[in-house]
Amino acid sequence: MNIKIGQYIAGNSILHKLDPRIKIMSMILLIVAIFLVPISSEPENIIWMISLFLFSLGIVFLSGIRIGKVLQGLKAIVFLMTFTFIIQLFTIQPADQTALLDQPMTLSFISVIGLVVLTFLYHYLKPKIKFRTTWFFTYVVLIFVLQWAVRMYIPSYDIVFNFDYDFKVFPEGLVRGGFIFLRIIAVMVVASLLTFTTSTIELNDGLESLMKPLRIIKIPTYIFSMMISLTLRSIPTLLVETDKIMKAQTSRGADFNESTLRQKIRQIIALLIPVFVISFDRADDLSNAMEARGYIIGEPRTKLDVYKINYKDILSLSVVILIIVGLLVTRFAL
């Protein structure tokens, strides 16, 4: 399973030692800053987006976690990012700009046959290739190369049916696609680092402390913080169990890659039922363990660790605040 958000990786880095309240606030402010950068081809906006992207990658090195471990969680949304990027290229075509790329394409009977063969080869070779993400991007590029080659080098390509179009890439579309691409990666990296460097207890205590003012209006913040932290921690556990079930069913002859639609529906049902059963069993075991340790909803609880904000926490939060203030000044005051 490629989804990594929710896992905790023990360590002794600067991020691991920061106060959980500071980490939660910094994550929220960083994500807000990333989304505050307007999508445009203005030089200052491009510089801000690239700087925030590099800043998020720089935090990874401070955490002591391998960059590959963090980026591995992005594999689950590679298709979404690629699809969004291509949509931007097709839809953003300003009349006042000159196209960077203008190539004739066709979706004809011959190109459709070629695309079917290409798709078959993609799925056939995919299990045998180590770098599957690179192979996926190669497959996307070959889709357009095939349509261009049919249009340019096959004279009678328009037999049966054909749909001719021009594939145009404008600077604005390229910038917008790049913005969205970098924005999604930066947000995923920042969110992943919070759970990578914060244990369940720290996350729960941090959320409960930050939501403490809501107790004035009788909102049970301790319940919400416990629910959020347990939900985040249950994601990797359920994914591991799902992976085990898939491998067990594969060893018994199930094929999750190549099967008909009806077979896929049956396989998904056969996969979901044991996952639900395991999740209920896990929840029951967890509730029993919490009760055995004296956890009672609504009762006052003591803390194993009393968090104190030190100069490192203040410095970290100050850096994030300076980033968002600088961004706001650049966007609205200048």
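Model, not experiment: these values are computed from the prediction.
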Applying salt bridge (Lys or Arg N to Asp or Glu O under 4.0 Å), which residue pairs with at least one partner in residues 9-37 are found, sequence neighbours left out? Asp19-Arg21
Residues pairing under salt bridge (Lys or Arg N to Asp or Glu O under 4.0 Å) where one sits in residues 103-128, two or more places apart or in two chains, turn out to be none
For Phe61, look at atom CZ and say whether over 12 heavy atoms of other residues, nucleotides or ligands are found less than 6.0 Å away. no
Looking only at heavy atoms, which two atoms of His16 and Ser63 are closest? And how far apart? CE1-O, 3.5 Å
Filter on side chain to side chain donor-acceptor pair (under 3.5 Å), then keep only pairs touching residues 87-98, sequence neighbours left out; what's left? none
CG (Leu125) with more than 12 external heavy atoms under 6.0 Å: yes
Supply the atom-to-atom distance Leu315 CG to Ile14 CD1, rounded to the nearest 0.5 angstrom. 9.5 Å
Between Val145 and Leu107, is there shared hydrophobic-cluster membership here, with clusters defined by ILVMFWY side-chain heavy atoms closer than 4.5 Å? no
Of all heavy-atom pairs between Leu193 and Ser56, which one has the smallest distance, and what is that distance? CD1-O, 4.2 Å
As a quick check of understanding, evaluate side-chain contact (heavy atoms from CB on, under 4.5 Å) for Leu142 and Thr138, giving each step before the final call. CA-CA 6 Å; Leu142 289 177; Thr138 304; 4.1 Å; yes
Give a yes or no on whether Ile273 and Leu238 share a hydrophobic cluster (residues Ile, Leu, Val, Met, Phe, Trp, Tyr; joining criterion: side-chain heavy atoms under 4.5 Å apart). no
What I'd like to find out is whether the side chain of Ile59 reaches to under 4.5 Å of the side chain of Leu30, using heavy atoms alone. yes
Between the CZ atom in Phe85 and the CZ atom in Phe137, the distance rounded to the nearest 0.5 Å is 9.5 Å
Does Val60 share a hydrophobic cluster with Leu29, counting links as ILVMFWY side-chain heavy atoms below 4.5 Å and allowing steps through other members? yes
Heavy atoms of Leu52 and Ala33 approach each other most closely as CD1-O, 3.8 Å
Does the pair Asp164 and Met105 meet the rule for a side-chain contact (heavy atoms from CB on, under 4.5 Å), with working shown? CA-CA 6 Å; Asp164 297 338; Met105 302 280 181; over 6 Å; no
In terms of heavy-atom contacts, Pro20 and Gly206 come closest through CB-CA, 4.3 Å
Shortest non-hydrogen pair, Leu118 vs Ile143, comes out as CD2-N, 3.9 Å
Quick one: CG on Leu36 to CD1 on Ile31, what's the gap to the nearest 0.5 Å? 12.0 Å
Suppose clustering is done on Ile, Leu, Val, Met, Phe, Trp and Tyr with side-chain heavy atoms closer than 4.5 Å. Which residues sit in the same group as Leu322? none
Which value, rounded to the nearest 0.5 Å, describes the distance between Ser108 atom OG and Ile113 atom CD1? 8.5 Å
Among residues two or more places apart or on two chains, list those pairs meeting salt bridge (Lys or Arg N to Asp or Glu O under 4.0 Å) that have a residue in residues 50-61. none
So, Asp313 side chain and Ser316 main chain: donor-acceptor pair closer than 3.5 Å or not? no
Mind listing the closest non-hydrogen atom pair of Ser111 and Leu146 along with its distance? O-CD2, 3.9 Å
Mind checking what makes side-chain hydrogen bond (donor to acceptor under 3.5 Å, both in side chains) contact with Trp148, not counting sequence neighbours? Gln103
Gap between atom OG of Ser192 and atom CE of Met27 - 0.5 Å precision: 10.5 Å
What verdict does the side-chain contact (heavy atoms from CB on, under 4.5 Å) test give for Leu101 and Lys168, after you've listed the backbone C-alpha separation in whole Å, the side-chain angles of each residue and the deciding distance to 0.1 Å? CA-CA 5 Å; Leu101 179 67; Lys168 297 181 180 181; over 6 Å; no
Residue pairs passing the salt bridge (Lys or Arg N to Asp or Glu O under 4.0 Å) test where at least one lies in residues 276-292, sequence neighbours excluded: Glu241-Arg282
Residues clustering with Ile87 (ILVMFWY side chains joined when closer than 4.5 Å, directly or via others): Phe83
Could you check if a side-chain atom of Ile9 sits within less than 4.5 angstrom of a side-chain atom of Thr197, using non-hydrogen atoms only? no
All ring-ring contact (aromatic ring centres under 6.0 Å, His included) counterparts of Tyr165, not counting sequence neighbours: Phe163
Tyr139: ring-ring contact (aromatic ring centres under 6.0 Å, His included) partners, not counting sequence neighbours: Tyr122
Between Asn45 (side chain) and Glu42 (backbone), is there a donor-acceptor pair under 3.5 Å? no
Could you give the distance from CD1 (Ile24) to CD1 (Ile28), rounded to the nearest 0.5 Å? 7.0 Å
Is there side-chain contact between Trp48 and Ile323, with at least one heavy-atom pair below 4.5 Å? yes
Would you sort out whether Phe144 and Ile86 count as a side-chain contact (heavy atoms from CB on, under 4.5 Å), showing the intermediate values? CA-CA 11 Å; Phe144 293 98; Ile86 293 175; 4.1 Å; yes
Residue list, side chain to side chain contact (heavy atoms under 4.5 Å, CB included) with Tyr311, at least two apart or on another chain: none
Output a table of donor-acceptor pairs, distance under 3.5 Å, between side-chain atoms of residues 170-185 and any protein atom two or more places apart or on a different chain; print 'none' if there are none.
{"unit_1": "Glu172", "atom_1": "OE1", "unit_2": "Ser41", "atom_2": "OG", "d": "3.3"}
{"unit_1": "Glu172", "atom_1": "OE2", "unit_2": "Arg176", "atom_2": "NE", "d": "3.4"}
{"unit_1": "Arg183", "atom_1": "NE", "unit_2": "Ile34", "atom_2": "O", "d": "3.4"}
{"unit_1": "Arg183", "atom_1": "NH2", "unit_2": "Ile34", "atom_2": "O", "d": "3.4"}
{"unit_1": "Arg183", "atom_1": "NH2", "unit_2": "Val37", "atom_2": "O", "d": "2.4"}

